[in-house]
Protein chains: 2
Amino acid sequence: MTAARAVTTTPKRRGAVSRGDGQPPSAPLELTLQAEDYLKAIYELEREGDAAGTNALADRLDIAAASVSGMLQRLARLGLVKTERYHGTRLTAAGRAVALQLIRRHRIIESYLVARLGFAWDDVHDEAERLEHAASPQLIEAMARVLGNPTADPHGAPIPTASGEIAERELASLAALDVGASARVAGVNGRDPRLLRYLGERGIRPGVKVRIESREPFDGPIVVTVGREKQAISPGAAAHVRVEPKAP
Amino acid sequence: MTAARAVTTTPKRRGAVSRGDGQPPSAPLELTLQAEDYLKAIYELEREGDAAGTNALADRLDIAAASVSGMLQRLARLGLVKTERYHGTRLTAAGRAVALQLIRRHRIIESYLVARLGFAWDDVHDEAERLEHAASPQLIEAMARVLGNPTADPHGAPIPTASGEIAERELASLAALDVGASARVAGVNGRDPRLLRYLGERGIRPGVKVRIESREPFDGPIVVTVGREKQAISPGAAAHVRVEPKAP
DNA sequence: CAGAAAAGTTAGTACGTACTAAAATACGGT
DNA sequence: ACCGTATTTTAGTACGTACTAACTTTTCTG
């Protein structure tokens with residue numbers, strides 16, 4: 001068969017996940033599931049430090065750094081991020097709005113699964129991770145309504161409002177507290193259900209009071225009092241526990 | 001920069017939507033969202049006639065016929081369909097199993113949205129269409145449990161069991177009934193919410209008894225008695241109403 | 001401050017999924 | 001049996017997203 005030139009004649013929009021939220025006035029802004037994941041990850045990394053580094057992103061998303069570079073350029077083209085060549089990436093206002101909506105979806109879904117469908121708090125992350133890309137705003141708001149518009153998810157993380165405001169508290173990591181300090185557990189970061197279960201079994205859950213008893217050198221265990229029991233946990237695990245420091 | 005040969009070194013699996021149902025023993029079988037949509041559409045077309053034609057599929061999925069051809073070859077490679085060149089496509093047993101699981105997901109989600117989240121029966125299709133690809137088996141079974149394992153969705157369509165059995169009833173189209181015949185509405189086919197709402201407003205809903213009063217020639221309206229009122233509807237709309245014929 | 005290590009980018013490739021245009025096949029009616 | 005139309009497939013292209021390899025830039029350390 002001989003050559004046939006394909007004359008590009010405005011094909012229709014493809015690849016993006018339509019969530020059926022018809023916004024006729026202005027921007028359609030349909031993002032792919034992957035793009036959404038990047039934005040959320042950038043948001044989180046920005047919160048944990050400064051601009052999100054390419055390798056850190058690659059690590060978190062389990063994607064090769066080179067691929068991340070490429071995607072960041074695409075997101076920059078869409079006006080969702082601002083990348084400073086060789087110096088990390090930040091969300092623009094538009095990008096942050098998308099990320100916050102995703103986080104709202106995620107946390108409401110987690111809350112709903114635990115409250116209404118009998119899921120364990122340590123077993124909802126992956127489910128929410130998938131559903132957050134598929135759920136329409138109507139579904140999310142219906143879930144929120146049924147739950148009485150919760151303000152925190154089962155891990156203690158605050159839920160952004162529908163208009164994208166989030167009550168970020170000043171939190172420290174359990175691993176960073178001094179010996180003798182007391183704190184209230186605000187939440188537990190982390191995607192790994194085993195870690196969540198492990199901590200949960202030791203009583204480390206949102207709302208619980210803890211006190212640092214001692215810490216061993218050379219990355220040794222941290223001993224904390226939880227309720228009336230003492231628990232020795234690794235600094236690695238403790239790093240995922242977000243706490244609200246208290247006066248002794 | 002000079003040429004660099006990319007040496008293919010077994011990259012990791014990509015593109016498919018992992019639903020987190022870890023089946024370590026045999027087949028992973030992770031399908032993309034699109035592949036799943038094709039399988040469902042083929043299932044439906046097979047039920048409405050014989051092998052699914054490429055154009056019919058293209059029509060239903062709103063995709064160019066050429067693209068459908070390509071995808072069918074991929075699905076055939078995966079052993080999910082059997083295509084007889086130029087003569088339509090059928091699901092294999094494996095393909096049918098996937099389609100039935102999707103239909104189960106879809107119908108349970110629809111049921112749940114109506115029963116627990118205040119959605120209107122004519123407004124759940126699109127939401128379910130997206131969620132069915134993201135929901136894990138655990139979520140689906142949790143929803144089913146909460147609802148008491150329903151056997152039909154809000155449109156009256158039967159829900160396949162978790163093991164893939166479906167109670168397909170012998171149904172006729174309202175458009176095909178003779179004048180004077182009575183029937184019970186079993187369900188309404190269709191993705192178009194306007195049609196569903198239109199019919200619903202006229203009392204045509206699953207479970208309702210109808211009687212054909214008259215039909216006009218040249219594709220004219222069909223007059224049916226619904227409850228104690230007479231309604232004149234177009235044959236096009238009537239064709240979407242599935243009924244269980246009854247003795248007069 | 002130089003050189004090594006770390007971090008990031010570019011180049012080239014692959015695959016899934018879509019498109020248009022054009023060719024091939026099948027089918028119904030004269 | 002033939003011809004035109006409908007259906008389907010192939011050819012060629014595009015784009016998003018991923019990969020590895022190789023290169024560049026920045027940062028850290030002796």
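Since this is a predicted model, take the numbers as computed values, not measurements.
Put simply, the side chain of B:S111 gets close to the backbone of B:R107: a donor and an acceptor are under 3.5 Å apart. In terms of modelled atom types and a separation under 3.5 Å, the side chain of A:T83 and the main chain of A:T89 share no donor-acceptor contact. Between the side chain of B:R96 and the main chain of B:L39, no donor-acceptor pair closer than 3.5 Å is present. With hydrogens and angles ignored, the 3.5 Å screen pairs no side-chain donor or acceptor of B:R90 with any backbone N or O of B:K82.
A:S69 comes within 4.0 angstrom of a base, heavy atoms only. As judged by a 4.0 angstrom heavy-atom cut-off over every strand, B:G70 is placed among residues making no nucleic acid contact.
Atom pair A:Q73:CD and D:dA18:P shows a separation of 14 Å (rounding to whole Å applied). Atoms CG (A:L78) and P (D:dC15) sit 14 Å apart, rounded to a whole Å. Atom pair B:Q34:CD and D:dG16:C1' shows a separation of 11 Å (rounding to whole Å applied). One interatomic measurement links the two molecules: CG of B:L39 to C1' of C:dG16, which rounds to 15 Å at whole-angstrom precision. Atom CG in A:D62 sits about 8 Å away from atom P in D:dC19, given to the nearest Å. Taking atom CG of residue B:L33 and atom C1' of nucleotide C:dA18, one finds them 14 Å apart after rounding to whole Å. As a whole-Å value, the separation of A:L75 CG from D:dA18 P is 11 Å. Rounding to whole angstrom units, CG of residue A:L57 and P of C:dT9 are separated by 11 Å.
Here B:R85 does not reach the OP1 or OP2 of D:dT7: none of its side-chain N or O atoms lies under 4.0 Å away. Within the structure, every side-chain polar atom (N or O) of A:R74 is placed at least 4.0 Å from both OP1 and OP2 of D:dA18. At C:dA18, none of the side-chain N or O atoms of B:S67 fall inside 4.0 Å of OP1 or OP2 (strictly under the cut-off).
The side chain of B:Y86 lies closest to C:dA26 when the candidates are C:dT9, C:dA26, D:dC19. Here the side chain of A:I63 is nearest to one of D:dA18, D:dT10, C:dT9, namely D:dA18. Relative to the side chain of A:N55, the nucleotides C:dT10, D:dT10, C:dA7 differ in distance, and C:dA7 lies closest. Out of D:dT17, C:dG8, D:dT27, the shortest distance to the side chain of A:H87 is found at D:dT27. Taking every side-chain heavy atom of B:A66 into account, C:dT20 is the closest of C:dG8, C:dT20, C:dT10. Here D:dT17 is the nucleotide among C:dT20, D:dT17, D:dT25 with the atom lying nearest to any side-chain atom of A:M71.
A:H125 and A:H155 have their aromatic ring centers separated by at least 6.0 angstrom.
DNA chain D is contacted by both A:A35 and B:T54; B:T54 maps to the nucleotide lying nearer its 5′ end (nearest heavy atom per residue).
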